[in-house]
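Proteins come first, then strands; the chains are lettered A, B, ... in the order of their sequence lines, and each starts at number 1.
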Protein chains: 2
Amino acid sequence: MGRRRPGTPTLEEVAARARVGRGTVSRVINNAAGVKESTRRTVQRAIEELGYVPNLAARSLAGRRADAVALVMTEPDWRQFAEPFFSEIVSSLGDALTDTGIQLLLTLVRSDAERQRFLEYARGGRVDGVLLMSVHAGDPLPDMLAEARMPTVLLGRRSGDEYVSYVDADNIGGARSAVSHLLQRGRRVIATITGPLDLYAAQCRLRGYQEALASAGLEGERTRVAESDFTAESGRRAMAELIERHPDIDGVVAASDTTAAGALEALRAAGRRVPEDVAVIGFDDFPLAQRTEPRLTTVRQPIEEIGRAMVRLLLEEMEEGAVAWRHVILRTELVVRDST
Amino acid sequence: MGRRRPGTPTLEEVAARARVGRGTVSRVINNAAGVKESTRRTVQRAIEELGYVPNLAARSLAGRRADAVALVMTEPDWRQFAEPFFSEIVSSLGDALTDTGIQLLLTLVRSDAERQRFLEYARGGRVDGVLLMSVHAGDPLPDMLAEARMPTVLLGRRSGDEYVSYVDADNIGGARSAVSHLLQRGRRVIATITGPLDLYAAQCRLRGYQEALASAGLEGERTRVAESDFTAESGRRAMAELIERHPDIDGVVAASDTTAAGALEALRAAGRRVPEDVAVIGFDDFPLAQRTEPRLTTVRQPIEEIGRAMVRLLLEEMEEGAVAWRHVILRTELVVRDST
DNA sequence: CCCAGGGTTGGGAGCGCTCCCGACTTGGTG
DNA sequence: CACCAAGTCGGGAGCGCTCCCAACCCTGGG
């Protein structure tokens, strides 16, 4: 296992070259106050001349921190990763971390072995905190991290998750507003295409749909609900199924823009006009929503804010050492375009 | 910056509890030989009772290795990440690393600042090697890593890349075989939809297309070439454009399955039957290729082997300290389905 | 000219582990 | 029963950094 790399200059060597003490060099590289400007410059020159780079293992060991956080994807079906939601979130997290000096590391956890390995990595101190996305109902990872007292923030809660911090969008409210909008537009036979129902977010959106119908005095029929897995393909299938069961459908609330895009195709194939015959609403407001034909009315999730909030909560937990749990629910917003 | 976590037991404490020396405990946790079975069990019990987890920073510092490698995505347009190619590769790399005890970390490099930060991370010794995917022509990262003597393996070479290790598929050969196949099927007006041409892989596929046409004595017309960015949407657009320019097209070689899927839609929209009027060939052989209508004939890239080869090369470089460059070109394979 | 007090600086004491050498146990041999 | 090699073990010497306290340097007021 000879994995060592060629000798890099050490802090001590920089100190010798600049004719100062170790402490001074340390202060300079950490931008700490209390160093005379002239000294700082001397040290900086020595650093450049030697091409010095701090050894992060030593820094971690002495400083008891890693300056890195992990974003874990536990998606058992890792292909979901290809959905735009992931890349949008990852991007926003990256942005939110930009000037904290913290490195964002993505890791896959696709099996028990990988979960175990990651846990050792985290407990071993290679990261200071963990962001978890797309956590399914039975996943033990959050509890394991909690037990290890590792600061953790979930994206999207699971039902009953109180003893862990999370950031989530107001899925129920979003779905309600989608249905209300359709009702206002005079639609009366409204169906929904849900996401995978082992995801709490998908359950919430379904609940919002049902509640809105109920409070409008309309019967929420079970048969007007079809499940998808958030992909366009499954959206198409679900829509086809719904039309067949209920030819009189005049409105659909989809669980994501991707799903809605699939639904649009199915409607076109069935000869239904959108929005004239059937109005369609998506969820997420991804760039995709503006490129469909017609452009999609959709419930906007504030992805940018979600990322920022996750990072903020995580930093807070890291600061205080996970003594409290924080929950943030972000408001959604209906974006009306041409499909309703 | 109080980022420290609560006190974890140390190796020394385990040793004390098991009434052995530090060295013995170290041997046990590293599964080294030369420990009596009974001693090993005693130590193991102590480890469990204390819930001991090795401090990886200390291990790195003393052992001069990180037991981690990074997979860097330098895609300036990070949304490409959502393409299936990425998740397939990531999956195969994960598999290839499973029993090496090495943690795979994905990192995004979307800007100069992020590139700099990653470089410090890598040079600081947090990873033992770097895998680079989707490297565009002008990207300075490979050279920077080489200068730091960091073991590095590229996925897909860039033109003229000799002084860096890489793994690539035989893109030229793959494209040639696609064209040959169409010629055999009696097609004579063959177009191509390329990938983004600043990617060497896309250039190679284009070259293969041109060479195959030339050696069949057919004129390779420039106007039968349309560029895409590997997305379905751009494939659709490119195809529409091609049909307009050349209504007599009877064969198309697309630069990826996703692009081909887009092309299929455009053909359908234009009332062309596949394969009767126009034969279509994809590239990659993703699961998608079997779900299109009709199922796609495609040039298979051996993703699994690519991942394994990348890991193998990287491990070799890590072992010897980047003293040589290795190049592996993997054969592609034509998979004939219903679209030709 | 002396001294207080703030601004700088040096370097000891770890952080928790691996490496490795020397020492101690065995059990078999002569 | 002495002796030796192989099998086990203990613990010193770092790895390169941060933290922190003591020591030093000035400056200005008394």
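- For the side-chain hydrogen bond (donor to acceptor under 3.5 Å, both in side chains) test, no residue two or more places apart in sequence or in another chain qualifies with A:Arg22.
- For D:dC9, neither phosphate oxygen OP1 nor OP2 lies less than 4.0 angstrom from any side-chain nitrogen or oxygen of B:Thr24.
- Ion pairing between a basic and an acidic side chain is recognised when a charged N comes within 4.0 Å of a carboxylate O; A:Glu162 and A:Arg326 show no such pairing.
- Rounding to whole angstrom units, CD of residue B:Glu37 and P of D:dT8 are separated by 10 Å.
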Could you pull out the protein-nucleic contacts involving nucleotides 25-28 of chain C (nitrogen or oxygen on both sides, under 3.5 Å)?
none

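- Evaluation of the side-chain contact (heavy atoms from CB on, under 4.5 Å) rule for B:Arg157 yields B:Asp161, B:Tyr166, B:Asp168, B:Tyr200, B:Ile329 as partners, not counting sequence neighbours.
- Shown here are the side-chain hydrogen bond (donor to acceptor under 3.5 Å, both in side chains) partners of B:Asp95, two or more places apart in sequence or in another chain: A:Arg110.
- Every residue two or more places apart in sequence or in another chain was checked for a side-chain hydrogen bond (donor to acceptor under 3.5 Å, both in side chains) with B:Thr24, and none qualifies.
- Relative to the side chain of A:Arg27, the nucleotides D:dG10, C:dG10, D:dC19 differ in distance, and C:dG10 lies closest.
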Pull out every protein N or O sitting under 3.5 Å from an N or O of nucleotides 14-16 of chain C, one pair per line with the distance.
unit_1, atom_1, unit_2, atom_2, d
C:dC15, O3', A:Arg64, NH2, 3.4

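- Within 4.0 Å of B:Thr39, counting heavy atoms only, lie sugar-phosphate atoms of the nucleic acid but no base atom.
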Side-chain donor-acceptor pairs of residues 53-61 of chain B under 3.5 Å, sequence neighbours excluded:
unit_1, atom_1, unit_2, atom_2, d
B:Asn55, OD1, B:Ala57, N, 2.7
B:Asn55, OD1, B:Ala58, N, 2.9
B:Ser60, OG, A:Arg126, NH1, 3.1
B:Ser60, OG, B:Leu56, O, 3.2
B:Ser60, OG, B:Arg65, O, 3.0

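- Heavy atoms of A:Gly23 sit under 4.0 angstrom from at least one base atom.
- Contact check, A:Ser26 against D:dT18: a side-chain N or O comes under 4.0 Å of OP1 or OP2.
- Taking A:Arg40 as the reference, A:Val28, A:Asn31, A:Val35, A:Glu37, A:Gln44 meet the side-chain contact (heavy atoms from CB on, under 4.5 Å) condition, with sequence neighbours excluded.
- Relative to the axis of its first five pairs, the axis of the last five pairs of the helix from C:dC1-D:dG30 to C:dG30-D:dC1 sits at 60°, rounded to 10 degrees.
- Applying the side-chain contact (heavy atoms from CB on, under 4.5 Å) test to B:Glu49 and every residue at least two apart in sequence or in another chain returns B:Arg17, B:Arg45.
- Between B:Arg65 and C:dC17 there is no side-chain polar atom (N or O) within less than 4.0 angstrom of OP1 or OP2.
- Considering all non-hydrogen atoms of both residues, B:Val90 and B:Leu104 come closest at O-CD2, 4.3 Å.
- Contacts of A:Ala18 classified as side-chain contact (heavy atoms from CB on, under 4.5 Å), with partners at least two apart in sequence or in another chain: A:Val20, A:Thr42, A:Val43, A:Ala46.
- Under the side-chain hydrogen bond (donor to acceptor under 3.5 Å, both in side chains) criterion, A:Asp112 pairs with A:Arg115, not counting sequence neighbours.
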